[in-house]
Amino acid sequence: MHSPRSAPPTPPAHTPAAAAARTGALLAVLSAVLLTLVALSWSPLMSFDRTVAEGLHGWAVTEPGLTGVSRVLTDWVWDPWTMRALLAAAVVWLWWLRERLLAVWVAVTSAVGTFVQQGLKSAVGRERPHWPDPVDSAHYAAFPSGHAMTAMVSWVLLLWLLRRHGAQGRLWHWTIVAAVVSVVGVGLTRLYLGVHWPSDVVGGWLLGACFAALSIAAYERAVLSRQH
């Protein structure tokens with residue numbers, strides 16, 4: 001007698017793909033809620049945004065030194081193109097390691113994330129803060145913050161790549177520090193310089209983390225499917 005053919009093993013629920021998918025789903029819900037509140041101009045949120053923005057702008061006007069440092073950080077150190085350059089370096093590294101699929105996946109994730117960001121800006125069409133004495137300027141619509149979203153997508157992908165390749169110890173810990181400082185820092189500088197509302201920055205963080213998590217989940221799922 002022939003023994004019945006066993007079914008292919010089912011990936012355990014704690015795989016990277018499952019964890020990333022659950023995280024992405026939660027972030028998608030939070031992003032959708034915030035997007036809806038912004039689109040409907042929910043009065044409590046608008047009031048909160050205005051109060052925080054006015055307070056920070058008043059501070060920026062009276063502290064030109066700190067304002068200058070913030071402009072350098074937001075325009076050069078944490079600029080979206082700087083974040084994309086970091087990912088481009090990672091893509092070249094992956095290509096050199098002959099991990100061609102992963103390299104293309106990261107590059108496409110970054111590019112599509114930019115298109116999603118610009119599409120949402122156009123669809124929501126939220127105006128940026130207007131000041132009689134601005135300390136900085138920015139282009140395009142306000143929601144979501146492109147700086148915040150790009151930084152989040154870039155650093156989540158970079159941390160994922162390092163973890164996949166066995167990063168640990170000081171390298172891993174200092175990379176986490178750099179990621180947190182960059183993501184939080186760029187959001188705060190955008191608010192301090194008066195070019196975004198608080199909900200724009202939070203929206204950028206949520207959407208960026210959501211997009212990166214779902215991309216990671218899809219890649220890990222594809223790898224699992226090929227292995228099983």
Side-chain angles (χ1 to χ4, degrees), residues 26-84 109-156 181-212 214:
L26 174 60
L27 291 168
V29 171
L30 296 175
S31 299
V33 170
L34 182 58
L35 175 60
T36 301
L37 296 178
V38 169
L40 295 176
S41 297
W42 190 50
S43 180
L45 179 60
M46 300 299 105
S47 177
F48 172 79
D49 278 350
R50 171 60 65 178
T51 299
V52 174
E54 287 178 347
L56 288 174
H57 178 68
W59 184 12
V61 170
T62 59
E63 296 288 345
L66 183 56
T67 299
V69 171
S70 296
R71 292 190 65 172
V72 171
L73 290 172
T74 197
D75 292 339
W76 295 98
V77 180
W78 297 322
D79 180 75
W81 286 107
T82 304
M83 297 295 102
R84 294 180 189 122
T109 298
S110 178
V112 174
T114 300
F115 284 115
V116 169
Q117 168 204 128
Q118 292 300 320
L120 286 171
K121 283 180 177 288
S122 179
V124 177
R126 189 184 197 186
E127 290 191 2
R128 293 179 183 268
H130 294 290
W131 311 107
D133 49 355
V135 298
D136 201 358
S137 62
H139 305 292
Y140 310 112
F143 186 91
S145 165
H147 280 68
M149 183 171 175
T150 303
M152 182 64 82
V153 170
S154 300
W155 278 109
V156 170
V181 170
S182 297
V183 171
V184 174
V186 75
L188 294 179
T189 57
R190 302 310 282 168
L191 294 177
Y192 181 77
L193 293 171
V195 293
H196 274 296
W197 307 106
S199 54
D200 300 336
V201 171
V202 175
W205 285 336
L206 288 174
L207 288 163
C210 172
F211 188 78
L214 293 178

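Position 1 is the first residue of the sequence, and the numbers go up from there.
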Would you say [X]'s side chain and [Y]'s backbone share a donor-acceptor pair under 3.5 angstrom?
| X | Y | answer |
| --- | --- | --- |
| T189 | V186 | yes |
| H196 | A142 | yes |
| R84 | T150 | no |
| W197 | E127 | yes |
| T51 | S47 | yes |
| T36 | A32 | yes |
| T74 | R190 | no |

Does a side-chain heavy-atom distance below 4.5 Å link [X] with [Y]?
| X | Y | value |
| --- | --- | --- |
| V77 | T82 | no |
| W59 | L66 | yes |
| K121 | Q117 | yes |
| Y140 | Q118 | yes |
| E63 | Y192 | yes |

So, for [X] and [Y], which heavy atoms are closest and what is the spacing to 0.1 Å?
| X | Y | value |
| --- | --- | --- |
| P144 | G203 | CB-C, 4.1 Å |
| V183 | A151 | CG2-O, 3.9 Å |
| W155 | S182 | NE1-CB, 3.2 Å |
| S199 | L34 | O-CD2, 3.7 Å |
| R71 | L193 | CG-CD2, 3.6 Å |
| L207 | F143 | CD1-CE2, 4.5 Å |

Begin from the C-alpha positions of L27 and W205 and carry the test side chain to side chain contact (heavy atoms under 4.5 Å, CB included) through to its verdict.
CA-CA 10 Å; L27 291 168; W205 285 336; over 6 Å; no
Atom [atom1] in [X], atom [atom2] in [Y]: separation rounded to 0.5 Å?
| X | Y | atom1 | atom2 | value |
| --- | --- | --- | --- | --- |
| R128 | S145 | CZ | OG | 7.5 Å |
| F48 | S43 | CZ | OG | 14.0 Å |
| S31 | L26 | OG | CG | 9.0 Å |
| L40 | M46 | CG | CE | 9.0 Å |
| R50 | L45 | CZ | CG | 12.5 Å |

Heavy-atom neighbours of H139 NE2 exceed 12 at 6.0 Å
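Atom NE2 in H139 is not crowded, with 12 or fewer foreign heavy atoms closer than 6.0 Å.
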With sequence neighbours excluded, tell me which residues meet ring-ring contact (aromatic ring centres under 6.0 Å, His included) with W81.
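For W81, no residue satisfies ring-ring contact (aromatic ring centres under 6.0 Å, His included) once neighbours in sequence are set aside.
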Do the ring planes of W131 and H57 sit parallel (below 30°), tilted (30 to 60°) or perpendicular (above 60°)?
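Parallel: the ring planes of W131 and H57 meet at under 30°.
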Side chain to side chain contact (heavy atoms under 4.5 Å, CB included), that's the test. Do F211 and V156 meet it? Break it down for me.
CA-CA 10 Å; F211 188 78; V156 170; over 6 Å; no
